[in-house]
Protein chains: 4
Amino acid sequence: MIADIPYSDLNIGDTAEFSKTISETDVYNFAGICGDFNPLHVDREFAEKSPFKKRIAHGMLSAGLISTVLGTTLPGKNTIYLEQNLKFRAPVYIGDTITARVEVIELITEKNIACLKTEALNQSGDIVIEGQATIMKKT
Amino acid sequence: MIADIPYSDLNIGDTAEFSKTISETDVYNFAGICGDFNPLHVDREFAEKSPFKKRIAHGMLSAGLISTVLGTTLPGKNTIYLEQNLKFRAPVYIGDTITARVEVIELITEKNIACLKTEALNQSGDIVIEGQATIMKKT
Amino acid sequence: MIADIPYSDLNIGDTAEFSKTISETDVYNFAGICGDFNPLHVDREFAEKSPFKKRIAHGMLSAGLISTVLGTTLPGKNTIYLEQNLKFRAPVYIGDTITARVEVIELITEKNIACLKTEALNQSGDIVIEGQATIMKKT
Amino acid sequence: MIADIPYSDLNIGDTAEFSKTISETDVYNFAGICGDFNPLHVDREFAEKSPFKKRIAHGMLSAGLISTVLGTTLPGKNTIYLEQNLKFRAPVYIGDTITARVEVIELITEKNIACLKTEALNQSGDIVIEGQATIMKKT
């Protein structure tokens with residue numbers, strides 16, 4: 001279930017993804033862990049009067065799905081997460097299905113480092129997050 | 001509890017922070033939301049044989065605390081999260097107390113945009129995450 | 001609330017049941033405990049294109065309700081669970097109300113063992129799981 | 001992350017596994033989903049006076065890890081769970097690390113059915129559950 005791809009097997013262009021429908025439970029549990037009770041996430045009355053019109057998920061929740069792909073699939077176990085840049089492009093609503101996708105775009109082989117394009121898309125194909133990750137894989 | 005600081009009240013050097021001890025429950029529930037069951041997070045036997053020696057929290061969990069400060073305190077409600085860059089500097093272990101801290105470092109007033117230095121530190125004062133956030137506050 | 005029926009009080013034909021509507025929260029939290037993020041359970045887009053047409057609950061979640069009846073009602077405390085056979089007969093959808101029912105069908109008195117018919121039904125009376133449990137009750 | 005192994009690629013002897021340390025949170029959340037508040041699981045005072053001496057995890061929680069391997073790894077997506085037999089051999093304590101392992105032992109190719117030996121072991125290598133699963137994989 002948890003991959004463990006050796007650094008030497010990584011190639012430019014390798015991709016992996018993970019999809020999940022973001023439930024109200026996810027948003028509430030995330031708020032409960034991180035303490036972010038911004039009313040846009042947990043106050044329906046407030047959210048309905050906001051420009052978003054509905055409660056939205058925390059940006060870091062969708063970012064967490066990107067991290068999941070790196071830590072479980074590409075490259076999986078023993079990945080050391082060095083950097084992650086995130087640009088939040090569009091809101092994620094409760095009930096949206098988010099696909100996190102990563103793609104190897106650069107290999108700094110003398111340091112066992114890989115750079116990956118990272119993005120999250122909703123069920124309509126809209127990019128909700130884009131950015132880049134840097135990871136090290138020692139073996 | 002949830003602040004709503006008008007953009008015009010933001011000043012270079014303003015700071016805010018939020019602290020929380022990261023429990024095993026936090027790490028397990030975070031795994032349960034994001035699907036990241038990397039054994040470094042949820043398999044004690046594996047973690048003890050790893051270079052980390054103990055189970056570590058997901059990097060995005062600590063990053064979520066940074067997001068919490070932005071969305072609840074500085075500047076709080078109606079913050080639009082545009083960008084977040086994260087450099088993961090040190091592991092966070094179950095039981096560590098993490099303080100997320102943000103500081104306004106630049107104001108692009110014609111666009112109602114603020115840039116903030118963001119960091120997370122453990123109970124020993126070690127920086128575990130550093131980076132920068134960009135947010136917009138319309139009012 | 002938690003029964004403790006002595007072995008000597010058990011009779012062939014004794015029955016007990018427990019009912020619960022399976023919520024999205026249940027399915028998401030169950031995935032979060034067990035790590036089963038199969039898209040049939042947590043990806044609405046995928047599930048809608050599948051033969052099931054909707055997200056379904058994990059089979060072991062409904063099986064857990066059977067275990068609940070044994071451990072809390074018939075015979076309750078101090079039940080030692082020896083065996084459980086499960087045949088999954090029909091899908092359980094988010095929102096279905098499941099009734100787990102057990103019935104004593106055999107008593108091996110020299111070993112304080114009881115065999116029970118176990119089944120789970122949905123709100124339409126369709127059997128979703130059938131099978132048999134073997135338990136020991138020392139006192 | 002979620003495999004999707006075609007039925008025609010399954011071979012006798014194929015194995016897969018998944019490991020997780022069972023936390024108090026897991027046991028409590030499982031009780032909260034299934035309603036099994038048997039004091040052996042959630043009452044420390046009671047458990048300490050019982051033959052087990054400590055709170056134990058629900059048997060179906062460990063069984064759920066077996067289901068996870070089938071539904072996410074071998075064979076993964078689009079697995080139809082037909083049967084699962086479980087023999088509970090030893091208690092699982094809070095804090096134990098459980099490895100669920102499955103192995104293909106029979107293929108009924110005219111029906112796209114596979115039988116798998118299924119077991120769960122603790123960190124000492126003791127078998128806590130053994131049994132057999134039957135699944136169908138249409139494609």
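We name chains A, B, ... by the order of the sequence lines, and we start the count at 1 in each one.
- Distance check, rounded to the nearest 0.5 Å: CD1 of C:Ile5 to OG1 of C:Thr79 gives 8.5 Å.
- Using a 4.5 Å cut-off between non-hydrogen atoms, the part of residues 29-37 of chain D that approaches chain C consists of D:Asn29, D:Phe30, D:Gly32, D:Ile33, D:Cys34, D:Gly35, D:Asp36, D:Phe37.
- Contacts with chain D were tallied for C:Met1, C:Arg89, C:His58, C:Lys87; C:Lys87 has the most, counting heavy-atom pairs under 4.5 Å.
- Going from atom CG of D:Leu74 over to atom CG of D:Leu10 covers 6.0 Å, rounded to the nearest 0.5 Å.
- Between the side chain of D:Asn11 and the main chain of D:Asp14, no donor-acceptor pair closer than 3.5 Å is present.
- Contact of D:Ser67 with chain C is made through backbone and side chain together, with heavy-atom distances under 4.5 Å.
- Residue D:Ile129 does not touch chain C at all, counting heavy-atom pairs closer than 4.5 Å.
- Residues from residues 132-139 of chain D never place a non-hydrogen atom less than 4.5 Å from a non-hydrogen atom of chain C.
- The existence of a salt bridge linking C:Asp26 and C:Lys20 is confirmed by a sub-4.0 Å separation between a basic side-chain nitrogen and an acidic carboxylate oxygen.
- The only option from C:His41, C:Glu24, C:Glu48 that meets the side chain to side chain donor-acceptor pair (under 3.5 Å) definition with C:Arg55 turns out to be C:Glu24.
- Residues D:Ile113 and D:Leu107 are not in side-chain contact: their nearest non-hydrogen atoms beyond the backbone lie 4.5 Å or more apart.
- Between the side chain of D:Asn38 and the backbone N or O of C:Gly71 there is at least one donor-acceptor pair closer than 3.5 Å.
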Could you please spell out the steps behind the side chain to side chain contact (heavy atoms under 4.5 Å, CB included) verdict for D:Tyr81 and D:Leu70?
CA-CA 8 Å; D:Tyr81 211 174; D:Leu70 300 170; 3.5 Å; yes
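- Of the possible polar contacts, none joining the C:Ser124 side chain to the C:Asp126 backbone as a donor-acceptor pair under 3.5 Å is found.
- With 3.5 Å as the limit, one finds no donor-acceptor pair spanning the side chains of C:Glu83 and D:Asn85.
- If you check the side chains of C:Glu130 and C:Thr118, you find no donor sitting under 3.5 Å from an acceptor.
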